[in-house]
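Right, one structure below, let's go through it.
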Amino acid sequence: MKKSLALAIDLGGTSIRGALIQPDGTVLEHCYTDTPKSDNPHVIIGEVNRLAQGLLEKEDIGLIAGIGASVPGPVDPRKGVIYRPPNLPGWTEVPIKKIWEEEFGLPVRVGNDANFAALGEQRFGAGRGVDDLIYITVSTGIGGGIIVGGHLLEGATGMAGEVGHMTIMPDGPPCNCGNRGCLEALASGLAIARMAQERLSRDRSSAISCMINSLEEVTAETVAKAASKGDSLALEIMKEAAGNLGIGVANLVQIFNPQLVIIGGGVSKAGKMLLGPVQEAVRERTMPSLREGLKIVTSALGDDACLMGAAASVWKRHRGAD
């Protein structure tokens with residue numbers, strides 16, 4: 001019997017999603033649940049188990065090649081251990097691969113969500129057929145996945161691709177990682193919200209003020225909406241954040257010489273408002289030979305990139321490609 005399906009799981013701080021996916025990318029079943037608000041890993045793992053079991057009951061177990069689980073980093077994909085993810089409090093060196101293999105009796109591949117999103121885009125999305133690409137997710141934080149010669153770059157300890165924590169401004173604002181001036185601290189959704197809060201505290205004349213009740217309610221989405229309506233302060237903030245992101249992308253282009261850069265995550269929905277300054281920064285800061293033929297695009301898979309990449313990791317492993 002041919003093992004033709006992958007069970008994909010996307011575990012996040014606010015939601016858990018699962019799907020049964022065929023090798024051609026067809027999603028047979030899909031389900032969703034909220035992530036329990038608990039600092040006990042076993043409570044959340046139990047919810048994932050229930051979701052996964054519900055999917056497995058819909059198909060012959062003999063058709064399942066394995067489980068691919070997209071999880072928040074930091075994670076060691078070889079050991080299958082999650083280390084203290086910021087959005088999953090209480091998770092300290094949780095051996096998630098071992099737990100799920102014992103629970104389901106199937107091989108499990110665990111990976112950082114951004115890395116798996118890169119795999120998903122390469123196999124099914126904007127990067128289809130491209131062997132050298134960089135995926136960057138810009139949402140609450142910033143993460144990334146790097147594919148070189150058709151293979152995901154994992155690094156010595158499996159944690160390569162933390163592009164959000166490269167230093168862009170040595171004396172810049174503090175980052176949650178403990179460093180200062182990280183790309184994440186200068187271009188993420190949280191960074192955009194922080195910049196807006198700081199500037200609105202000095203001048204409330206922006207249209208952003210009409211969209212909120214208090215400064216604490218400012219989000220990157222609020223700023224992007226105001227910018228789309230022509231608000232000068234919002235446009236200034238989006239241009240600054242996108243320019244910072246462009247510096248990070250330029251650095252990555254100089255180092256890895258990709259054919260394609262894909263930008264995903266919630267902030268990428270700003271479209272040209274984000275891509276324009278990024279493309280301009282890359283033109284200004286990279287050697288002509290490195291940017292020749294380079295394309296910078298937004299994600300084709302959106303929120304499904306992690307799920308599709310989790311499934312792709314199962315088939316790569318099942319076929320012995322890793």
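Fair warning: this is a prediction, and the values are worked out from it, not measured in the lab.
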Go through the steps to decide whether Leu252 and Ile136 satisfy the test side chain to side chain contact (heavy atoms under 4.5 Å, CB included), and finish with yes or no. CA-CA 10 Å; Leu252 294 169; Ile136 301 174; 3.9 Å; yes
Quick check: closest heavy atoms across Ala8 and Ala311, and the distance to 0.1 Å? CB-N, 4.0 Å
Any side-chain to backbone donor/acceptor pair from Asp132 onto Gly149? Under 3.5 Å, distance only. yes
Under 4.5 Å between side-chain heavy atoms, counting indirect links through other Ile/Leu/Val/Met/Phe/Trp/Tyr residues: same cluster for Ile168 and Val163 or not? yes
Can you check side chain to side chain contact (heavy atoms under 4.5 Å, CB included) on Val261 and Phe256, steps first, answer last? CA-CA 11 Å; Val261 175; Phe256 293 104; over 6 Å; no
Residues that Glu154 engages under salt bridge (Lys or Arg N to Asp or Glu O under 4.0 Å), provided they are two or more places apart: Arg78, Arg109
CG-CG distance between Asp76 and Asn112, expressed to the nearest 0.5 angstrom: 11.5 Å
Quick one: closest heavy-atom pair of Arg180 and Pro170, and the distance? CB-O, 4.0 Å
Once rounded to the nearest 0.5 Å, what's the spacing between atom OG of Ser268 and atom CD1 of Ile263? 8.0 Å
Output, in order, the C-alpha distance, side-chain angles, deciding distance and verdict of salt bridge (Lys or Arg N to Asp or Glu O under 4.0 Å) for Arg50 and Glu47. CA-CA 5 Å; Arg50 284 188 286 275; Glu47 190 64 23; 2.7 Å; yes
Within the 4.5 Å heavy-atom criterion, are Leu20 and Ile64 side-chain neighbours or not? yes
Short side-chain donor-acceptor distance under 3.5 Å, Glu121 and Ser299: yes
How close do Val218 and Ala196 get, heavy atom to heavy atom, and via which atoms? CG1-CB, 3.6 Å
Classify the side-chain pair Thr26/Asp24 by whether it contains a donor and acceptor separated by less than 3.5 Å. yes
Kindly give the heavy-atom pair with the smallest separation between Pro23 and Arg123, and that separation in Å. O-NH2, 3.2 Å
Can you pull the side-chain hydrogen bond (donor to acceptor under 3.5 Å, both in side chains) pairs that have at least one residue in residues 241-261, sequence neighbours excluded? none
Is the shortest side-chain heavy-atom distance between Ser188 and Thr140 below 4.5 Å? no
For Glu236, does the CD atom sit with more than 12 other heavy atoms under 6.0 Å from it, leaving out its own atoms? yes
Least distance between heavy atoms, Ala250 atom then Ala281 atom: CB-O, 4.3 Å
Taking the side chain as everything from C-beta on, heavy atoms only, tell me whether Val71 gets closer than 4.5 Å to Phe116. no
When you group the ILVMFWY residues by side-chain heavy-atom contacts below 4.5 Å and let the links chain together, are Ile146 and Ile262 in the same group? no
Can you tell me how far apart NE2 (His151) and CG (Asp131) are? Round to the nearest 0.5 Å. 8.0 Å
Spatial distance of atom CZ (Arg291) from atom CZ (Arg285) [nearest 0.5 Å]: 12.5 Å
Less than 4.5 Å apart, any side-chain heavy atom of Ile45 and any of Trp91? yes
Over all atoms of both residues, closest heavy-atom pair of Gly164 and Cys182: O-CB, 3.5 Å
Applying side chain to side chain contact (heavy atoms under 4.5 Å, CB included), run through Asp10 and Ser70 and close with a yes or a no. CA-CA 5 Å; Asp10 180 17; Ser70 165; 3.4 Å; yes
Contact check, side chains of Cys31 and Leu55, non-hydrogen atoms, under 4.5 Å: yes
Salt bridge (Lys or Arg N to Asp or Glu O under 4.0 Å) partners for Arg194, two or more places apart: Glu198
Among Val108, Leu7, Leu106, whose side chain to side chain contact (heavy atoms under 4.5 Å, CB included) with Trp100 holds? Val108
Taking atom NE2 of His30 as the centre, does the number of heavy atoms from other residues, nucleotides or ligands within less than 6.0 Å exceed 12? yes
Is it possible for you to say whether Leu119 and Ile67 belong to one hydrophobic cluster, with membership spreading through side-chain heavy-atom contacts below 4.5 Å? no
If we only count heavy atoms from C-beta on, is the Asp303 to Arg17 side-chain gap below 4.5 Å? yes
Output the distance between atom OG1 (Thr92) and atom CD1 (Ile82), rounded to the nearest 0.5 Å. 11.0 Å
Let me check something: do Phe124 and Leu133 share a hydrophobic cluster, defined by ILVMFWY side-chain heavy atoms less than 4.5 Å apart, either directly or through other members? no
Among Leu5, Leu63, Val27, find the residue that satisfies the side chain to side chain contact (heavy atoms under 4.5 Å, CB included) test when tested with Gln22. Leu5
Less than 4.5 Å apart, any side-chain heavy atom of Ile21 and any of Met308? yes
Between Ser209 and Ser206, does the side-chain hydrogen bond (donor to acceptor under 3.5 Å, both in side chains) criterion hold? Intermediate values first, please. CA-CA 6 Å; Ser209 296; Ser206 167; 5.5 Å; no
State the CD1-OH distance between Ile147 and Tyr135, to the nearest 0.5 angstrom. 11.5 Å
Say whether Val297 and Leu274 are linked into one hydrophobic cluster, either directly or through other cluster members, by side-chain heavy-atom distances under 4.5 angstrom. no
Given side chain to side chain contact (heavy atoms under 4.5 Å, CB included), test Val223 with Met195 step by step and report yes or no. CA-CA 10 Å; Val223 178; Met195 286 190 280; over 6 Å; no
